[in-house]
There are 4 protein chains.
Amino acid sequence: MNATVKETKDLIMEAAIFLFNTKGYDGTGVRDIAKKANVNPANISYYFKGKKGLLEACLIQFFEGYLACLEEKVFLLETLPPDECLKQGLKSILSFQRENHLLTRFVWREVSIDSQISREIIASYLVKEKYFLHLILEQGIKDGIFANLPESLVMIQLKSMLTMPFLQSQYLREVWHTFPQEKYFVEKYMMMIERWIDSTLCSLLQENRHFDRKII
Amino acid sequence: MNATVKETKDLIMEAAIFLFNTKGYDGTGVRDIAKKANVNPANISYYFKGKKGLLEACLIQFFEGYLACLEEKVFLLETLPPDECLKQGLKSILSFQRENHLLTRFVWREVSIDSQISREIIASYLVKEKYFLHLILEQGIKDGIFANLPESLVMIQLKSMLTMPFLQSQYLREVWHTFPQEKYFVEKYMMMIERWIDSTLCSLLQENRHFDRKII
Amino acid sequence: MNATVKETKDLIMEAAIFLFNTKGYDGTGVRDIAKKANVNPANISYYFKGKKGLLEACLIQFFEGYLACLEEKVFLLETLPPDECLKQGLKSILSFQRENHLLTRFVWREVSIDSQISREIIASYLVKEKYFLHLILEQGIKDGIFANLPESLVMIQLKSMLTMPFLQSQYLREVWHTFPQEKYFVEKYMMMIERWIDSTLCSLLQENRHFDRKII
Amino acid sequence: MNATVKETKDLIMEAAIFLFNTKGYDGTGVRDIAKKANVNPANISYYFKGKKGLLEACLIQFFEGYLACLEEKVFLLETLPPDECLKQGLKSILSFQRENHLLTRFVWREVSIDSQISREIIASYLVKEKYFLHLILEQGIKDGIFANLPESLVMIQLKSMLTMPFLQSQYLREVWHTFPQEKYFVEKYMMMIERWIDSTLCSLLQENRHFDRKII
DNA sequence: GATGAATGAGTTTTCATTCAT
DNA sequence: CATGAATGAAAACTCATTCAT
C-alpha cells in the first residue's frame, strides 16, 4: 500500500517542480506539495531535510543534466567542425530544457533571486558552462569559422536565446502560438538560432563594421 | 515631523522594488519593506491596500513607462525609416529599463509566475506591446527594408534581447563584467542589437535560406 | 458645507446604532461607523471619547427613554386601577422600543455580555425598573386585583414578553410574519400581553393551584 | 505528553463556549481561547479551520442537541395527550439548556446578529423547530384540548419563555435570585410554564374574549 | 517508512486612537 | 471644527518543522 522510498521521493520532486514553477518557491507551501504528491508533509523534511533541501535537489537535478548536454558535445570538437559542434550542443540543451520545461522555467527564474543558494549555483555550475562555451568559440575562431566577435557578447546572445523561450513562455504563446513543451518546438526554434549563427557569428565580412572602435 | 503622503508612498515603493528584486515578491515581508523605508508597516495597507496592491502599483508603474517608450517612437514612423524607428524604440526601452533596472528585473521575473495579476498584465500590456512592434515591422517589410521573416520569430528575438540583460544580470556580470545599470551599458548593448538588426533582420539576400521549407 | 456639531454627533449615533445592531458592538469598527455617517473617524474619538464612549451614549439614550415610559405611568397609580396602569406602562415601553427597535435589539443583546459597562447599567437602571414594577404590582395585590403570585415570577414573565420580539425578531418574522417596527405591531402584540394579564395575573381563582407547595 | 485529538478539540470548544458567552464572539480572541484551554493557538485553525469554524461547531452542537429534545417528544404524540407531550418537550429543552447554559445564552444572543452563519442556522434549524411545535399544537387543537389561539402567537410566547431565562440571566439573578444553572431551576421554572399552558393555552372558555376581532 | 497531532515563530492585516494642520 | 496621515498594538492565520507512534 505504501509507495516505496524511490516513489515517494520522486512524487515529492515532481509535485515540487510543478508548484515551484507555477507559484514560485516562496509562494509554495510544503503542505501544497505534499497534498499534490499525495504524501505526508513530514516526508519532505524527512527526505530532503526541509524545503530548502528540496529546492537544492531541484537545482542540482537541473544543472547536472544541463551541463551534461554541453560537456558531451564539447568532446566532439576533435571530430566535428566548431559551428556544427555548437549547433549540436545548443540543440541538446534545448531538448533537455524542453523535456524539463517546468523545471527549466522555475530554475532560471529562481537563480535571478539573490539567495545564498543561487550564488553558490552560479559559482559552480555557470562557471563550468562558460568554460565549455569558451572552448567551442575559441576553436571556431582559431579555425577561421567564427567571426572574431567579443566572446562575452556571443555568450550573452547564446544564453539569451537558450533561456528566453522558457522564461517568457507566455510571450511565446501569445506571439508565436507555440509552447516550449511542444513536439516540434526544438526544431522550429533551432532554425532561428542557426540563422543567427550563420548570419552573425560566422559572417566574416561584416565583423568589423560595428566593433571597429570597440569600447567594449 | 511626519513625511508628506508623496514621500511616504514613494519611500515604500522604492524599498519594495529593491526588496522584491532581491528576494522576490513572496520572499519579502511587509515588515522588511517598512523597515527599509523607515515607515510603519500599517502604512503599506493604508496606501496600497495590502501587499498585493503594492505589487500591482509596481507592475503598473513599470508597464506604463515601458509602453510609453515604445508608443512615442511608433509615432515617428511617418518621418523616419522603420529600421531607425525600431532602433530608437529599442534604445528608449533599454534606457528606461536601465534607469529602473531593479524594477525591470523583478517585473520580468514576476510575470513568469502564474498569478492572477500577471495574467491580467499580460492580457493588457503585452498585447499593446505586440501591436506597437507589429506596426513597425509591417512598415519595414512594406518598405522593403526588413527581410520577410516570420513576424513572431522577430518579436521573440527582440524581446529576448531586451529583457535578457536584466533577467540574467548575474551572467552579464560574470561573463561581460558589465552591469545593466552602468553608464555606458545602453550604448554598448545597442551595438549588439544593431548588429543583429543589420545582419539578420535587414539581410534581404539570405532571407529564404532557412525559412524556405518553413513549417512555422 | 460642514455639518453642525449637533448633526455630526447625531449622524454618528445613528450609524452606530444601525451597525451595532447588525454586526454587534465588537464586530463593528469605528471606520465603518464613520463611513456610514459620512464623517471622519477621528470625530468619534473627539465627540464620544472613543468607541466605548459611543457605546455608553447609546445605552444611556436607551435606558433614559425606557425608564421615562415606566415612570410616567407609575404616577398614574393614584388615579387609575393598577391593571390599567400596568397595561399602559407596558404599551408605552413597547411603543418606545418599536420606535427604537434597532437600538432596542442591540441593547438587550449587549447587556447580556459580561462587560464592565453592562454591569454598571444593570446596577443603576434595572434596579429602577424593578422598583417601578414593584410599585404597580404591590398596589394591584393590595387592591385585590392581581393574584398573589410571586412577584419575581411575574416580573420575569413581563420582562420576557417585552424584550422577546426585539431579541428574536427573526423568529417573529419567520413565525408571525411580523416585524417589531411595523405600524400595528404594538396593538397586535398588546393583545397577547393583555390576555396574559387577564387570564393569568388577574386570575384569582387558580392562584393556589400551582404555587401551594411553593419551593420557590 | 500530547493530549489526544478528542481531548484537545474538546478543550478548545469548552473554553470557546465559556469565553464566547462571557465576552461575545467578536470580543473573544483565539489567543484567549487557546490560553484558557491550555493549547497552542494554531490548533484552533488546525481543528476548526479558523475562528469562524469554531463558532459554527458551537452552533451545530447546540442546535443538534436542542432539536433532538423536541423530536424525541414529538414521537410520543401517539401515546400521550398533546398537553403532556408539550410539557415534556419544553421540560426536555429546558434541561438541555440548563446543562449547556453558557452555550445556550451565547447561541441565542449570537443568532440575533445578522451574519451569514446565523442566517443559515435559522434557515435550517429554526424551521425544523417550528415544524415540531406545529405538530404538537395541531394535535392539541384537533383533540379539543388547546384553545384555538393563533398558532404563531403561541409559538412566540413559548419561545419567549424558553429562551428568556438564559438571555436575561442577570435579570433572573437580580429579581428571582435564581440562576438557570441551578439544580431546581427547571422544576421551578416549569411551574410557571405549566401555569401558562393550563390557564391560557388550555383555557377553552375564554378563548374568544381577546381574539374575536382578530386582525392577526 | 510513514503518519498526523502539535508547536512556536512567522506572516499580513485591522484596529482605535492621536496629532499636526 | 474637521481632517487624514500615521502609529503601535493586537488581531487571525500560515508556516515549516518536530516527534511520538
Side-chain angles (χ1 to χ4, degrees), chain A residues 1-9 26-34 38-54, chain B residues 1-9 12 26-34 38-54, chain C residues 1-9 26-34 38-54, chain D residues 1-9 26-34 39-54:
Chain A
M1 189 184 282
N2 292 331
T4 69
V5 181
K6 180 80 170 62
E7 277 166 349
T8 297
K9 252 189 120 167
D26 284 309
T28 305
V30 286
R31 307 180 75 166
D32 300 334
I33 299 170
N38 253 322
V39 303
N40 187 291
N43 282 325
I44 292 174
S45 285
Y46 182 79
Y47 282 114
F48 297 94
K49 298 185 186 268
K51 193 182 167 189
K52 233 193 303 209
L54 179 52
Chain B
M1 190 183 283
N2 291 333
T4 69
V5 180
K6 183 81 171 59
E7 278 165 350
T8 298
K9 257 190 115 165
I12 292 171
D26 283 310
T28 304
V30 286
R31 309 178 70 174
D32 302 336
I33 299 169
N38 251 321
V39 302
N40 187 294
N43 277 326
I44 292 173
S45 282
Y46 184 75
Y47 284 111
F48 298 95
K49 294 176 190 275
K51 193 182 166 190
K52 234 188 315 204
L54 179 51
Chain C
M1 188 182 285
N2 291 332
T4 69
V5 181
K6 181 81 170 61
E7 276 166 349
T8 297
K9 255 190 117 167
D26 283 309
T28 305
V30 285
R31 306 179 76 165
D32 301 335
I33 298 170
N38 253 322
V39 302
N40 188 291
N43 283 325
I44 293 174
S45 285
Y46 181 80
Y47 282 114
F48 297 95
K49 298 185 186 271
K51 194 184 168 190
K52 233 191 310 208
L54 179 52
Chain D
M1 188 184 283
N2 291 333
T4 68
V5 179
K6 184 81 170 59
E7 277 166 350
T8 298
K9 258 189 115 166
D26 283 309
T28 305
V30 285
R31 309 178 70 174
D32 303 334
I33 298 169
V39 302
N40 188 295
N43 277 326
I44 292 174
S45 281
Y46 183 76
Y47 283 111
F48 297 95
K49 293 175 188 278
K51 194 182 164 189
K52 236 191 309 208
L54 180 50

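If you're wondering where the values come from, they're calculated on a predicted model, not measured in any experiment. Chain naming here is simple, since letters A, B, ... match the order of the sequence lines and numbering starts at 1 in each.
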(request) Run the numbers on D/Leu54 and D/Val30 for side-chain contact (heavy atoms from CB on, under 4.5 Å), then give the verdict. (result) CA-CA 10 Å; D/Leu54 180 50; D/Val30 285; 5.8 Å; no
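- C/Tyr46 comes within 4.0 angstrom of sugar-phosphate atoms only, judged by non-hydrogen atoms across all strands, and of no base.
- Distance A/Phe48 CZ to F/dA16 P: 15 Å, rounded to the nearest Å.
- Within the model, atoms CG of A/Asp26 and OG1 of B/Thr28 stand 8.0 Å from one another, a figure rounded to the nearest 0.5 Å.
- Residues D/Lys9 and D/Phe48 approach most closely at O-CZ, 3.8 Å, considering heavy atoms.
- For DNA chain E, the stems formed by at least three consecutive Watson-Crick or G-U pairs, with both atom-pair distances below 3.5 Å, span E:2-21 with F:2-21.
- Taking atom OH of residue A/Tyr47 and atom P of nucleotide F/dT18, one finds them 16 Å apart after rounding to whole Å.
- E/dA2 atom C1' lies 14 Å from atom CD of A/Glu7, rounded to whole Å.
- For the pair B/Asp32 and C/Thr28, nearest-nucleotide mapping onto DNA chain E gives the more 5' position to B/Asp32.
- Of the candidate nucleotides E/dG1, E/dT18, F/dC19, E/dT18 has the atom lying nearest to any side-chain atom of C/Ser45.
- Taking side-chain N and O atoms only, D/Asn43 has a distance below 4.0 Å to OP1 or OP2 of E/dT7.
- The nearest heavy atom of DNA chain F to C/Val39 and to D/Lys52 marks one nucleotide each, and the one closer to the 5' end goes with C/Val39.
- Between D/Ile44 atom CD1 and E/dT7 atom P there is a gap of 11 Å when expressed in whole angstrom units.
- For the pair B/Ala42 and D/Lys51, both in contact range of DNA chain F, the more 5′-proximal nearest nucleotide belongs to B/Ala42.
- Atom C1' of nucleotide F/dA12 and atom NZ of D/Lys49 are separated by 16 Å, given to the nearest angstrom.
- The side-chain contact (heavy atoms from CB on, under 4.5 Å) test with B/Thr8 singles out one residue from B/Asn38, B/Ile44, B/Asn40, B/Val39, and that residue is B/Val39.
- A close approach under 4.0 Å does occur between a side-chain nitrogen or oxygen of D/Asn40 and OP1 or OP2 of E/dG8.
- Atom CG of A/Leu54 and atom P of F/dT17 are 10 Å apart (whole Å).
- Base engagement by B/Arg31 is indicated by at least one non-hydrogen atom pair under 4.0 Å involving a base atom.
- Atom CG of C/Asn38 is separated from atom P of F/dA2 by 13 Å (rounded to the nearest Å).
- Between D/Thr8 and the phosphate of E/dA5, there is no side-chain N or O to OP1/OP2 separation shorter than 4.0 Å.
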